Amino acid sequence: MATFTPRQTSRTLNGKHTQVFMQTFADRIVILVTQIGKVGNLIQATLPATAVLIPRVPDPTQPNKLILPESSPAIQLTPLLGSAPSPHQQTLHSLYASQIATIVWTEEALLGLERLRRSVVVGLALCQRQGEDDPQGEQEVFQGVMSMLYDLLRS
């Protein structure tokens with residue numbers, strides 16, 4: 001099975017050092033997102049080849065705003081290892097896995113690789129927020145991770 005050079009990037013998001021790693025294989029792509037230096041919860045995302053991907057449409061009035069492609073309702077998420085520490089984190093992990101996989105598939109389709117549509121395995125190890133909920137902080141981390149993923153895919 002062929003492997004390709006792994007890629008990685010890191011940034012500080014909402015005060016936490018955040019790393020994103022990507023390793024491609026012939027049959028799948030592995031994306032690891034960590035704020036604690038661990039692999040974390042592994043989730044595999046798959047999408048039937050017949051499912052249509054909706055490309056993202058940039059907003060010309062906000063050229064610097066990150067516009068994410070819409071995830072397909074046909075995405076199947078399969079937990080592979082570990083679990084989220086709370087129901088809220090489980091929902092958040094599912095959102096991350098779906099969006100990360102959608103970005104990968106959409107970017108591959110732009111390169112003419114839509115027929116390949118490999119499974120995407122997402123590893124998530126995010127810091128748990130203490131005290132009050134911080135939806136704005138969660139959104140900042142989410143948007144930052146997706147931006148980092150685009151950087152890796154386009155490098």
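What you see below is based on every heavy atom in this structure, not just the backbone, and it leaves out hydrogens, waters and symmetry mates. If you're wondering where the values come from, they're calculated on a predicted model, not measured in any experiment.
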Where is the tightest heavy-atom contact between [X] and [Y], given as atom of each residue plus distance?
{"X": "S10", "Y": "M148", "answer": "CA-CE, 3.6 Å"}
{"X": "Y150", "Y": "I67", "answer": "OH-O, 4.2 Å"}
{"X": "V20", "Y": "V145", "answer": "CG2-CG1, 4.3 Å"}
{"X": "T46", "Y": "S119", "answer": "CG2-OG, 3.2 Å"}
{"X": "C127", "Y": "I36", "answer": "SG-CG2, 3.7 Å"}
{"X": "V122", "Y": "A97", "answer": "CG2-CA, 4.0 Å"}

State, yes or no, whether a side-chain contact exists between [X] and [Y] at a heavy-atom distance under 4.5 Å.
{"X": "I29", "Y": "E108", "value": "yes"}
{"X": "I103", "Y": "L68", "value": "yes"}
{"X": "M146", "Y": "I100", "value": "yes"}
{"X": "S98", "Y": "L77", "value": "yes"}
{"X": "M22", "Y": "Q8", "value": "no"}
{"X": "T34", "Y": "F21", "value": "yes"}
{"X": "I43", "Y": "H93", "value": "yes"}
{"X": "L126", "Y": "V33", "value": "yes"}

Please enumerate all residues that pass side chain to side chain donor-acceptor pair (under 3.5 Å) together with [X], with sequence neighbours excluded.
{"X": "Q44", "value": "R28"}
{"X": "R7", "value": "none"}
{"X": "T18", "value": "Q35"}
{"X": "S71", "value": "T102"}

Chi angles and distances behind the side chain to side chain contact (heavy atoms under 4.5 Å, CB included) call for K16, V141: CA-CA 9 Å; K16 299 289 183 183; V141 172; over 6 Å; no
Over 12 non-hydrogen atoms of neighbours within 6.0 angstrom of CD in Q139: no
CD (Q143) with more than 12 external heavy atoms under 6.0 Å: yes
Sequence neighbours excluded, every pair satisfying salt bridge (Lys or Arg N to Asp or Glu O under 4.0 Å) that has a member inside residues 145-155: R11-D151, E107-R154
Pairs satisfying salt bridge (Lys or Arg N to Asp or Glu O under 4.0 Å), at least one member in residues 74-92, at least two apart: none
Listed once per pair and sorted, the side chain to side chain donor-acceptor pair (under 3.5 Å) pairs that draw on residues 76-86, sequence neighbours left out: none
From CA spacing to verdict: side chain to side chain contact (heavy atoms under 4.5 Å, CB included), I31, L149: CA-CA 9 Å; I31 308 283; L149 178 60; 3.7 Å; yes
Atom pair OG (S72) and CG (L47), whose distance is rounded to the nearest 0.5 Å: 5.0 Å
From K38 atom NZ to L32 atom CG, the distance as rounded to the nearest 0.5 Å: 14.0 Å
Check: R117 side chain, A51 main-chain N or O, donor-acceptor pair, under 3.5 Å: yes
Short side-chain to backbone donor-acceptor contact, S155 and L152, under 3.5 Å: yes
Can you list everything that forms a side-chain contact (heavy atoms from CB on, under 4.5 Å) with [X]? Sequence neighbours excluded, please.
{"X": "T91", "value": "none"}
{"X": "A101", "value": "A45, W105, V120"}
{"X": "L81", "value": "L42"}

Test ring-ring contact (aromatic ring centres under 6.0 Å, His included) applied to Y96 - qualifying residues, sequence neighbours left out: F142
